[in-house]
Amino acid sequence: MVSRPAAFIDRDGTLTEEVGYVNHPKRLQLLPRSAEAIRHLNAAGIAAVVVTNQAGVARGYFSQDVLQATNAELVKQLKQAGASLDGLYVCPHHPTEGQPPFRAQCECRKPKPGLVLRAATELGLDLAASTVIGDRASDLVAAQAVGARGVLVLTGYGLGEWEYRRETFPVMPDHVAADLFDAVEWILAQRRA
Ligand SMILES: [Mg+2]
Ligand SMILES: [Zn+2]
């Protein structure tokens with residue numbers, strides 16, 4: 001199988017509205033241009049893979065069943081808009097909160113790159129040709145760890161992080177985008193360049 005490029009996309013604040021812990025599927029809301037962004041990735045043959053920290057499971061704020069129902073709602077809403085995800089990877093852990101097995105020093109909670117690495121192995125993705133897109137510095141750290149590009153979006157926590165906290169970033173973004181749609185347009189333009 002020929003490995004293909006991917007866009008690894010954070011969920012909350014990047015693909016969907018940052019509303020705090022999504023403890024009911026009804027709280028999930030796509031950002032305005034997200035479905036269009038995913039459709040563009042689909043059309044370009046770039047894998048669209050969600051990688052998301054959901055420590056609310058470890059903290060006991062919502063169950064794995066609720067998490068699965070919420071992610072199923074995400075897939076459904078995208079599908080209704082003609083957009084499809086190639087994968088969806090979740091870290092349910094937290095290093096210090098809750099009880100085992102979810103209280104764990106895992107390798108998958110961003111900024112660690114475990115989710116991205118697992119996706120790349122399972123889906124046959126070319127990390128050097130890929131991009132991680134997110135609204136936090138932790139997304140950029142994960143990008144650098146796997147040799148991918150990192151794009152910061154200004155949705156979710158992104159605007160405040162970039163305006164007020166960028167000097168604390170351990171890794172700078174390769175690009176800053178208004179939202180996921182602009183991030184995808186940047187990726188597609190880089191390919192053409
Ligand atoms: Mg986020
Ligand atoms: Zn984890």
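First listed ligand is number 1; within each ligand, the first listed atom is number 1.
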### Query
What is the name of the N/O/S atom in D10 that sits closest to the Mg ion (ligand 1)?
OD2

### Message
With a cut-off of 2.8 Å, does D12 put an N/O/S atom close enough to the Mg ion (ligand 1)?
### Response
yes

### Message
With heavy-atom distances below 4.5 Å as the criterion, would you say the side chains of P173 and V151 are in contact?
### Response
no

### Query
Where the Zn ion (ligand 2) is the corner point, what angle links SG of C91 with SG of C106, to 10°?
110°

### Query
Which single N/O/S atom of D135 lies at minimum distance from the Mg ion (ligand 1)?
OD1

### Message
Are V90 and V50 connected into the same hydrophobic cluster when the rule is that any two of I, L, V, M, F, W, Y join if their side-chain heavy atoms are below 4.5 Å apart?
### Response
yes

### Task
Check for a donor-acceptor pair, side chain of R33 on one end and backbone N or O of D179 on the other, with a separation under 3.5 Å.
no

#### Entry: Degrees at the Zn ion (ligand 2) between the SG atom of C108 and the ND1 atom of H93, nearest 10°
100°

### Shared hydrophobic cluster for V171 and V132 (ILVMFWY, side-chain gaps under 4.5 Å)
no

### Task
Look at the side chain of R109 and the backbone N and O of H94, then say whether any donor-acceptor pair between them is shorter than 3.5 Å.
no

